[in-house]
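Structure first, commentary second.
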Number of protein chains: 2
Amino acid sequence: MKQRILIVDDDPGIVAAITPALRAQGYEVSAAHDGETALAAFRQVGPHLVLLDLVMPKLGGIGVCQQIRQQSATPIIVVSVKGAEADIVTALDNGADDYLVKPFRLSELLARIRAVLRRSRAPQPLIQCADLVIDTTRRIVLRQGQPVSLTPIEYAVLAELVAHRNGVVTARQIVQRVWGPQYADATDYVKGVIRRLRVKLEPDPAHPRYIITEPHVGYRFNDASGTVSSPSSP
Amino acid sequence: MKQRILIVDDDPGIVAAITPALRAQGYEVSAAHDGETALAAFRQVGPHLVLLDLVMPKLGGIGVCQQIRQQSATPIIVVSVKGAEADIVTALDNGADDYLVKPFRLSELLARIRAVLRRSRAPQPLIQCADLVIDTTRRIVLRQGQPVSLTPIEYAVLAELVAHRNGVVTARQIVQRVWGPQYADATDYVKGVIRRLRVKLEPDPAHPRYIITEPHVGYRFNDASGTVSSPSSP
DNA sequence: CGGTTTTTTCACTGCTTTTTCACCGCGCCC
DNA sequence: GGGCGCGGTGAAAAAGCAGTGAAAAAACCG
């Protein structure tokens, strides 16, 4: 699935300059030109990353930052002409992940996007959980050492759950990430896939241990045991 | 728990300049002066973050970066005099999380450290109050460590109360925020939800400690203890 | 092209939540 | 003391949601 980037900038020139470069890298790009439409677009598109200008009509970049952070951990890179120490510190302390001063070098922006996305999607190569092993690099799932055959959609949904393991993911989020933003309310799809996943992965599909339903909120991948591979910060 | 930072730089001046500032922020600081000792120190200290210079004897910064990445996901901020596009892109693509060109502003470095640590350590703004813990990002409420299941409306009302904790919120305000402006005088809804919240959250629902009624005004969420959240502002 | 797997659609069921409504108790002011 | 506003209580009706099964449609593969 293509990664989606939302550009928020009131200067159409900037948007026009960046967009094709991002598309060339294989990202899907959408844009908003003021703070309020940015938040609406954010909810609708469910992007994997936000490129955010600071100076904007309606609602400033800092405000957008805070609003997004209240509802999501989606990475944000602020791109602004304001290069003062105070601006940078304020943005970073209000939830931005990186800060780039205009004018910037395109390849640097791309590299910073890669770095931020790499960390946020943190595909820990191996996730082990009782009798399940999920190898995200090979797209393989083992259950009690036996490989489980998953269809592409099943795997994509599982990956989405595992990416936020121990956290709740709404059906809406899953549909947006796996099928695309335009399917946002086709949450029926998820029901079916979740069921098939449970049949294939759960010891007792009727009483799930891994794929837990958080009533009226969404689903949660329950990883009781700590992840064993690739030790992160000790 | 104090967070540990490993500084890797062959210039003792830099180390001497940064170290006290980091200590003042409450970090534990250790240092290494070349690539090889850096890796040894990394394994020994197990830092939460690495500040890495590029030009060094024995093993360059890029090499250190790769080696660290092979064994850990510990965040790395590269700090270097080299400001060329190619250097930045190379560092970021080899596992660095951020890149700061010397000379840098100290407060910017500190802000970038906070930003990177925040993301790597899932910072959850928690509201703690006696035996209640409210995790606003994950939509989870714990009572004496046990998760409490709240319905969407219950959670929304609680969030509204908590947002103005220790201040009074009128029933009218709650209805407007949770149900929408057109429901402004359906204050009956609130009664029911408040009751259910008390049953679920209060030790003695008949004599509320948290969700207090302010007669003829509204409700107030009583947060005796201070809020505990992640260290974001210095 | 035919057969198989996968995805989509839909109707149904049991359960939880939300809404609605009637009533109770308390304090207050006239 | 009786009416009145306000907040708490309880229960039943209505609505919404998740799980299930099964069949149609689409994609895949030889």
Side-chain angles (χ1 to χ4, degrees), chain A residues 1 139 141 147-161 168-180 182-202 204-222, chain B residues 139 141 147-161 168-180 182-202 204-221:
Chain A
M1 184 65 202
R139 300 178 68 94
V141 178
V148 179
S149 117
L150 292 186
T151 71
I153 285 212
E154 284 164 8
Y155 186 84
V157 172
L158 179 64
E160 193 61 31
L161 288 170
V168 187
V169 190
T170 68
R172 203 185 176 77
Q173 282 177 300
I174 296 175
V175 177
Q176 288 197 140
R177 285 287 161 88
V178 175
W179 279 264
Q182 63 274 31
Y183 290 79
D185 359 72
T187 50
D188 264 12
Y189 293 0
V190 180
K191 285 200 306 189
V193 177
I194 290 282
R195 181 162 52 114
R196 279 181 280 147
L197 275 176
R198 293 218 256 236
V199 170
K200 290 187 179 177
L201 300 182
E202 296 280 355
D204 175 8
H207 305 96
R209 286 175 53 194
Y210 306 128
I211 303 175
I212 311 290
T213 301
E214 295 287 350
H216 303 104
V217 187
Y219 298 93
R220 180 170 56 82
F221 189 90
N222 187 28
Chain B
R139 271 183 85 101
V141 178
V148 179
S149 117
L150 292 186
T151 72
I153 286 212
E154 284 165 7
Y155 186 86
V157 171
L158 178 63
E160 192 62 24
L161 288 171
V168 188
V169 190
T170 69
R172 204 183 177 78
Q173 279 179 298
I174 295 176
V175 177
Q176 289 198 37
R177 280 300 195 96
V178 175
W179 279 264
Q182 63 273 33
Y183 289 79
D185 16 56
T187 51
D188 264 12
Y189 293 179
V190 180
K191 286 201 305 189
V193 177
I194 291 283
R195 180 164 54 112
R196 277 181 280 149
L197 275 176
R198 281 181 176 153
V199 170
K200 289 186 179 177
L201 300 182
E202 296 280 356
D204 176 8
H207 305 95
R209 284 174 55 193
Y210 306 128
I211 303 175
I212 311 290
T213 303
E214 295 288 349
H216 308 276
V217 191
Y219 299 92
R220 179 169 56 83
F221 188 89

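Only heavy atoms go into these numbers, but all of them, side chains included; no hydrogens, no water, no symmetry mates. Remember, it's a predicted structure, so these values are computed and weren't measured experimentally. Order of the sequence lines fixes the chain letters, A, B, ..., with proteins taken first and strands second; residue numbering starts at 1 for each chain.
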Q: Consider the side chain of Tyr219(A), meaning its heavy atoms from C-beta on, and name the nucleotide among dT7(C), dG8(D), dA18(D) that approaches it most closely.
A: dA18(D)
Q: Using whole Å, report how far OH of Tyr189(A) lies from C1' of dC10(C).
A: 12 Å
Q. Strictly by modelled atom types, are Arg139(B) and Thr170(A) linked by a side-chain donor-acceptor pair under 3.5 Å?
A. no
Q: Check every atom of dC6(D), dT19(C), dT7(C) against the side chain of Pro152(A) and return the nucleotide holding the closest atom.
A: dT7(C)
Q: Using a strict 4.0 Å threshold on nitrogen-to-oxygen distance, state whether Arg209(A) and Glu202(A) make a salt bridge.
A: no
Q.
Could you tell me how far apart Asp188(B) (CG) and dT19(C) (C1') are, to the nearest whole angstrom?
A. 10 Å
Q) Whole-Å distance between dC6(D) P and Arg172(B) CZ? A) 12 Å
Q.
Within residues 191-200 of chain B, which residues have any heavy atom lying less than 4.0 Å from an atom of DNA chain C?
A. Arg196(B)
Q.
Rounded to whole Å, how long is the line connecting atom CG of Asp204(A) with atom P of dG19(D)?
A. 14 Å
Polar atom pairs (N or O), protein with nucleotides 27-30 of chain D, under 3.5 Å:
none

Q. Over how many whole Å does the gap from Glu154(B) atom CD to dC17(D) atom C1' extend?
A. 15 Å
Q: Could you check how far CD1 of Ile153(B) sits from P of dA14(D), rounded to whole Å?
A: 19 Å
Q. Once you round it to whole Å, what is the distance between P of dG7(D) and NE2 of His207(B)?
A. 18 Å
